[in-house]
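Here is the structure we will look at.
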Amino acid sequence: MSAQDDLPKLLGDCVHCGFCLPTCPTYTLWGEEMDSPRGRIHLMQQHVDGEPFSDAMVQHFDACLGCMACVTSCPSGVQYDRLIEMTRADVEREHPRSLKERAIREMVFQLFPYRRRLRALRGPLRAYQKSGLERLVRRSGVLERISPSIAAMERLAPPLGRTPRLPEQVAARGERRATVGMLSGCVQGEFFPGVNAATARVLALEGCDVVIPKGQGCCGALSLHSGREDEARAFARRTIETFESVDVVVVNSAGCGSAMKDYRALLADDPAWSRRADALTAKTRDFAEFLAELGPRAERAPLPVTVAYHDACHLAHAQGVRSQPRALLAAIPELDVREIADPEICCGSAGTYNLFQPEAAAELGDRKAVNVDATGAELLVAANPGCSMQIATALRRRGAPIAVAHTAQVLDASLRGLSPDTLLTRVS
């Protein structure tokens with residue numbers, strides 16, 4: 001039996017109780033039943049019963065962020081994450097999109113999963129940012145008229161500096177406690193290289209030999225979460241091969257970690273790969289999750305900074321990692337950790353969502369920025385590159401001078417005894 005054959009049974013798990021409604025971002029925005037999880041499940045059932053995908057039906061599925069807040073809140077154990085991924089795969093197979101939609105989607109999926117292509121983009125983008133042309137283009141609104149998705153890409157791009165290149169191995173400081181592989185990621189590796197450098201340093205300072213395979217590619221997260229199953233499986237197989245020789249794979253991007261922990265289901269129907277996928281899933285750990293399991297050894301220096309911690313959806317809801325990053329931050333002397341209101345509501349990033357649904361994403365980003373600003377924090381801490389770009393962009397729109405950093409960068413600053421200014425200069 002294929003995974004797709006499970007769809008009718010999974011749909012039957014929903015009792016339409018409505019516990020998901022307050023946690024669903026699109027239902028919160030619009031109050032439309034068909035833009036809630038149970039409404040979309042009703043549409044999925046219609047399709048299973050023989051109704052072909054209509055443009056309106058697909059629009060409701062496209063409007064879903066796939067944030068999985070509904071999975072966390074559901075008392076009936078409905079696996080909405082599997083339902084929306086299988087439905088999106090059906091949409092990709094069966095529903096013809098417009099030429100404009102296909103062009104934008106192809107551009108995204110032919111760019112973001114490929115580090116060499118992203119690297120080639122860095123030079124022109126950096127020159128564009130430094131030239132002052134960025135401000136003129138944004139004021140003119142020309143990109144919005146060409147395509148709201150292209151305009152969103154331009155707005156979301158973080159300020160680019162030099163890219164530190166990591167060696168293939170970083171040796172443990174002091175007695176070795178573990179040997180770990182590290183996923184460097186696509187967007188993380190090219191747009192947030194400082195996060196990877198901080199991750200490797202922290203792991204080494206905590207006694208880990210860190211293996212960073214040079215030939216690693218995309219984990220397949222963007223493809224998997226967008227219904228491009230064959231593409232996701234190809235990326236997954238390559239990632240499995242890359243990390244089979246290590247005992248643990250540490251991932252510092254929430255979306256990537258979620259996808260890799262889903263390889264077991266993604267390749268379940270492939271006899272040649274299912275066992276290997278199982279093994280990779282079992283040894284994948286989020287950065288904070290791994291450090292919490294390992295336990296602290298390196299001395300934490302005081303870091304007098306007020307931070308707001310943001311729950312990335314693919315970390316909190318998909319992986320169930322909530323307490324570990326908070327515990328790591330709380331263990332840093334003089335660091336004041338504050339909670340953000342409505343943490344379960346997505347910031348609007350959601351992989352490619354802020355590119356394909358820019359208006360809804362911007363509205364969710366603005367709501368999140370208001371809540372971040374209300375904490376009075378100097379620094380926002382997030383564990384996903386998409387969240388960092390999304391919330392930083394919304395904070396800029398709000399005029400809130402709040403810096404943004406990854407959990408690894410905060411720990412790195414404490415372990416190395418750096419000045420708080422090293423974090424607070426990363427203003428959004």
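What you are looking at is a predicted structure, and each value in this text was computed from that prediction instead of being measured.
A salt bridge links R38 with E33: at least one charged nitrogen is closer than 4.0 Å to a carboxylate oxygen. With respect to the salt-bridge test (charged N to carboxylate O, under 4.0 angstrom), the residues R97 and D62 qualify. Salt bridge present: R228 and E106 bring a charged side-chain N and a carboxylate O closer than 4.0 Å. Salt-bridge annotation for R322 and D311: absent, with no side-chain N of the basic residue lying under 4.0 Å from a carboxylate O of the acidic one. Of the charged side-chain nitrogens involved, none lies within less than 4.0 Å of a carboxylate oxygen, so that R177 and E293 do not count as a salt-bridged pair. Checked for salt-bridge contact, E231 and R237 miss the test: no charged N lies under 4.0 Å from a carboxylate O.
Because its NZ or CZ atom is both nearer than 6.0 Å to the ring centre of F356 and within 45° of the ring axis, R105 counts as a cation-pi partner of that residue.
No side-chain heavy atom of H406 sits less than 4.5 Å from a side-chain heavy atom of F192.
Under 3.5 Å, the side chains of Q319 and D286 contain no donor-acceptor pair of N or O atoms.
Closest approach of V248 to R285, counting heavy atoms only: CG1-CG, 4.0 Å.
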Checking side chain to side chain contact (heavy atoms under 4.5 Å, CB included) for the pair L291/L411: CA distance, chi angles, key distance, verdict?
CA-CA 11 Å; L291 286 183; L411 271 172; 3.8 Å; yes
Going through the distances and angles, do H310 and V372 end up as a side chain to side chain contact (heavy atoms under 4.5 Å, CB included)?
CA-CA 8 Å; H310 164 70; V372 170; 5.9 Å; no
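In summary, of the residues considered (R40, H60, M34, E363), a side-chain contact (heavy atoms from CB on, under 4.5 Å) with T26 occurs for R40 alone.
In R165, the CZ atom is crowded: over 12 heavy atoms of neighbouring residues, nucleotides or ligands sit closer than 6.0 Å.
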